[in-house]
Amino acid sequence: MACNLVVSSAIMPRAIGSGVARRNPIPTRWLMTDERMGDALWRALTRLPPGSGVVFRHYATPERERRALLRRVIRVARLRRLVVVVAGNSAISADGVHGRAQTRGIRTWPAHSRIEALAGIRAGAHALFASPIHPTRSHDDAAGIGPARAIRIGRGLGIPVIALGGMTESRWRRIQRFGFHGWAAIDAWMPIIHRCPDESQDPAP
């Protein structure tokens with residue numbers, strides 16, 4: 001008797017896109033861009049190790065300026081062998097998207113809860129950005145949820161989980177044991193001179 005194979009709709013998009021993730025392995029270190037970086041963005045890009053990722057945001061930048069800035073970021077990324085995904089809609093092709101926009105490349109996904117993580121799986125996400133691990137200047141009104149709670153957001157879903165929120169290299173080393181694939185930050189890649197007492201920012205090399 002022939003059997004019908006039923007594939008869960010939550011898994012199908014990821015199965016279809018699994019070859020994309022193999023061609024473009026998910027980086028373990030990520031820079032999240034935004035307007036408050038200013039010209040320090042370029043220094044931050046040079047501090048990223050080759051093979052790292054960039055989530056290009058700059059949501060508040062006027063569209064024409066945003067396109068020009070994205071093109072420049074992509075040029076730098078190609079020279080440094082960085083992966084670029086774009087948050088929001090963009091007519092410029094990068095290595096993928098962060099969120100729901102159409103792509104044939106990598107899809108990363110913001111997840112502040114299990115519900116958002118499951119939505120990412122249904123959308124075909126290749127990696128989840130779980131946050132906020134620690135309090136962060138980007139969302140100074142939000143308390144950090146800690147690494148144990150954050151990793152549960154994406155546990156068992158079969159895709160890498162990236163730790164986001166007040167992260168640094170030293171903090172990443174301390175929480176890696178929870179099962180995170182990598183970490184992402186803004187401030188950690190900025191040219192910092194002094195170390196904060198709680199190590200919320202690592203100094204520039």
Side-chain angles (χ1 to χ4, degrees), residues 6-34 48 51-59 70 73 77 82-136 138-139 142-167 171-172 175-186 188:
V6 178
V7 180
S8 168
S9 61
I11 297 175
M12 179 66 86
R14 180 161 51 87
I16 292 172
S18 60
V20 174
R22 284 196 297 270
R23 292 193 299 273
N24 297 285
I26 303 300
T28 58
R29 290 165 177 79
W30 290 82
L31 166 68
M32 313 291 288
T33 80
D34 71 12
L48 287 167
S52 297
V54 178
V55 178
F56 181 84
R57 299 185 302 173
H58 278 74
Y59 299 117
L70 175 56
V73 167
L82 305 175
V83 171
V84 179
V85 298
V86 181
N89 295 318
S90 174
I92 298 174
S93 177
D95 297 302
V97 299
H98 185 65
R100 295 184 179 277
Q102 294 295 316
T103 183
R104 294 184 178 179
I106 295 171
R107 182 183 304 279
T108 60
W109 193 269
H112 303 89
S113 67
R114 184 71 171 185
I115 291 173
E116 291 181 355
L118 292 172
I121 292 296
R122 289 192 294 271
H126 300 103
L128 299 172
F129 282 60
S131 69
I133 310 297
H134 302 286
T136 172
S138 298
H139 303 283
I145 63 176
R149 183 176 167 190
I151 196 63
R152 286 198 295 271
I153 288 175
R155 180 165 287 158
L157 298 182
I159 62 175
V161 179
I162 308 298
L164 173 63
M167 290 300 300
R171 282 181 165 175
W172 156 243
I175 72 167
Q176 189 175 5
R177 61 187 174 85
F178 286 90
F180 292 99
H181 174 79
W183 63 278
I186 302 173

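- Of all heavy-atom pairs between Ile26 and Ala127, the closest is CG2-CB, 3.9 Å.
- Side-chain N or O atoms of Arg107 include none that pairs as donor or acceptor with a backbone N or O of His98 at under 3.5 Å.
- Side chain of Thr33 to backbone of Arg57: a donor-acceptor contact under 3.5 angstrom is found.
- Closest of all the heavy-atom pairs between Ile145 and Ser131 is CD1-O, 4.0 Å.
- To the nearest 0.5 angstrom, Leu70 atom CG is 4.5 Å from Ile92 atom CD1.
- Shown here for Asp34 and Ile186, the closest heavy-atom pair between the two residues is OD2-CD1, 3.5 Å.
- Counting all heavy atoms, side chain and backbone alike, Leu164 lies closest to Ala185 at CD1-N, 4.3 Å.
- Of the inter-residue distances, the one linking Arg104 atom CZ with Asp95 atom CG reads 15.0 Å to the nearest 0.5 angstrom.
- Rounding to the nearest 0.5 angstrom, the gap separating the CG atom in Leu157 from the CD1 atom in Ile121 is 4.5 Å.
- The only option from Trp183, Trp109, Trp30 that meets the side-chain contact (heavy atoms from CB on, under 4.5 Å) definition with Phe129 turns out to be Trp30.
- Proximity of Arg149 to Ile153: side-chain heavy atoms (C-beta onward) are nowhere separated by under 4.5 Å.
- Taking every heavy atom of both residues into account, Val86 and Ala94 meet most closely at CG2-CB, 3.7 Å.
- Across every non-hydrogen atom of Val85 and Thr108, the tightest pair is CG2-OG1, 3.7 Å.
- Counting only heavy atoms from C-beta outward, the side chains of Phe180 and Ile133 approach each other to under 4.5 Å.
- Side chain of His181 to main chain of Ile162: no donor-acceptor pair is present (N/O by atom type, distance under 3.5 Å, no hydrogens or angles).
- A donor-acceptor pair under 3.5 Å is formed between the side chain of Arg114 and the backbone N or O of Arg155.
- At distances below 3.5 Å, not a single donor-acceptor pair connects side-chain atoms of Arg100 with backbone N or O atoms of Ala123.
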